[in-house]
There are 2 protein chains.
Amino acid sequence: MDLLETRELRYFVTVAEELHFGRAAERLGIAQPPLSRAIQRLERRLGVRLLERDRRGVALTDPGRVLLVEARTTLDAATAAVHRTRRAASSRERLVLATKAGADHELLRELLDAYAAEPDAVEVEVVLCGIGEQRRLLRDGRADAALLHRPFDPLAEFDTEDLLTVGRIAVLPAGHPLATRPSLSMAEVTGLPDLPAARWPDHDGNYPPGPGPEFRDQSQLAQMIALGRATVVICASAHTWLWDEHTAVPLTDAPPITTVLAWPPHSRSPALAGLVRAAGRLEGHRRVGRAATR
Amino acid sequence: MDLLETRELRYFVTVAEELHFGRAAERLGIAQPPLSRAIQRLERRLGVRLLERDRRGVALTDPGRVLLVEARTTLDAATAAVHRTRRAASSRERLVLATKAGADHELLRELLDAYAAEPDAVEVEVVLCGIGEQRRLLRDGRADAALLHRPFDPLAEFDTEDLLTVGRIAVLPAGHPLATRPSLSMAEVTGLPDLPAARWPDHDGNYPPGPGPEFRDQSQLAQMIALGRATVVICASAHTWLWDEHTAVPLTDAPPITTVLAWPPHSRSPALAGLVRAAGRLEGHRRVGRAATR
DNA sequence: AGACGTTACGGTCACCGTAATCATA
DNA sequence: TATGATTACGGTGACCGTAACGTCT
């Protein structure tokens, strides 16, 4: 009763992303006509119109939008099958941990050290990926676990263990008038006419509207702020990568950010279990430490 | 990079389930040789040996076991894509709720009534399925939500809302000596030589070892107990289907069972949101009611 | 010899690419 | 007229079924 081949799904996803048969066919490495026919076949088999082809191009229908997300998760599951099977076959076991480049330096170090102390610790490969890419790495099996951030990353589909909760800071150019303040409120740093808030991509890869510059990784952001062209409100643990030209000011009224260790819920590997145990120990120690210093 | 077609995965899963190329080919409706070649192709592409074919049949390797679960989730995702896309295309919206046949009568009634009171309630189709089948219906998109039971059903992969927690009862033949007792302990009802505990299938469809009779649905169970051949420890809400020949005795030391409403975590439908809201209201009322009667 | 998985071989159908056609701005 | 999707058409390759083969009990 599953009449969809992954090739067809891949075709559909590409067309849905490009909204243009020509470009989609080029990305897929085939000619347009076979692609057109494949989509028609898909629509005929499902009995559902997926794309609206009228004047001025192609648009997704409502069922088409549903299929787009379902097809993506199916394709992710298929590539996860490849990765996890190959991983299981490789002789020496290892864990792949995905994290955003440039974030959580110290925490990551602590976690790796804590895990290394586990009795049956295996090699941990750290994969640095772009903003918001960790979840896809988890879904398609390229990573066994990842560091995510609440409330930014949707966590519903994963199991998680809290690691560390910190406040937020505003990162300003060193010479800015507000940079001398000991703390700031959200209201004071939003809507500054001379310092627009930088914008980063959401989970669909699109940028929210606004006057600030778009950026895609932490180095772009750092440079833009150092140039005095932008500001950003960000996790306090980001202080590790600040430049001399930056000033970090704590925010009093911004909701805190929790870094969590996340993994696919059905994972059964003992190595991953060890990593989770290490994460729990880390968080436990931290809690005890906090309680003791009160 | 996803080189696996769903047809190949279906072939592999069937062989892995049958552990016999001939029977698997028959189930798939093809001849053995193409099946043999397809599996070889799969192994070659993955670079992994999935099956051990020596004398006395076929066995799964460790990577083969990994691929079996990954392939199942991939196939479930593919059929979910079909179901959800078709559902989205159908004009009138509806919800499909899966529940074990013969369980949670009253609770289900309450839930449906509570949901019907929602402002934008849509038609709810109730699908009765076999023991432990609800999770698969959720995964492959045949159902939008299901009633599951903690701690029996693994809930990691779903979002859930607690509905009702009740104790457990022992169901005995009406004439049994223990049937006159006001309550019992687990120790008293396990290991009775004259009344073995009935066994039901676990999540893989296998039966745990033991002397008691195997059963697959509630009517078989009821008959077997009425005949004086078995006993069972079961959710207290099961009292709705007891016969005159049955006696239910509460257990004092058995962990309680919670019926939960479960749904796929990425669901975005407003109709489902309404059902969850109704479930929350139900549980809230119940909690208030309990508190008031204390 | 029997059971069962694999190799050999020939045919068909699905998919692809090139070329022509249709629709729209 | 130009752009972009669809239909027409011929070819190749993937997959299947039948038949022969190997291997172990």
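Order of the sequence lines sets the chain letters (A, B, ...), proteins ahead of strands, with each chain counted from 1. Everything numeric here is computed off the predicted structure, so don't read it as measured data.
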Rounding to 0.5 Å, atoms CZ (A:Arg72) and OG1 (A:Thr74) come to a distance of 12.0 Å
Residues in residues 32-46 of chain A with a heavy atom under 4.0 Å of DNA chain C, by number, are A:Pro33, A:Pro34, A:Arg37, A:Arg41
One should read off an interatomic distance between A:Glu157 CD and B:Asp159 CG, to the nearest 0.5 angstrom, of 10.0 Å
Taken to the nearest whole Å, CD/B:Glu5 to P/C:dC15 is 10 Å
| message | Are there over 12 heavy-atom neighbours, none belonging to B:Glu118, within less than 6.0 Å of that residue's CD? | response | yes
Rounded to whole Å, CZ of B:Arg23 lies from C1' of C:dG5 at a distance of 13 Å
Using side-chain heavy atoms (C-beta onward) and a distance below 4.5 Å, is B:Arg139 in contact with B:Arg135? yes
For residues 93-103 of chain B, the side-chain hydrogen bond (donor to acceptor under 3.5 Å, both in side chains) pairs (sequence neighbours left out) are B:Arg94-B:Glu125
- Query: Do the side chain of B:Glu43 and the main chain of B:Leu51 share a donor and acceptor less than 3.5 angstrom apart?
  - Reply: yes
Remember a base hit wins even if backbone is also touched, and classify B:Arg7 as base, sugar-phosphate or nothing at under 4.0 Å, heavy atoms. sugar-phosphate
The first and last nucleotides of DNA chain D lying within contact of chain B, meaning any atom under 4.0 Å from one of its heavy atoms, run from D:dC15 to D:dT25
Quiz item: Any side-chain heavy atom of B:Leu148 within less than 4.5 Å of one from B:Phe158?
Solution: yes
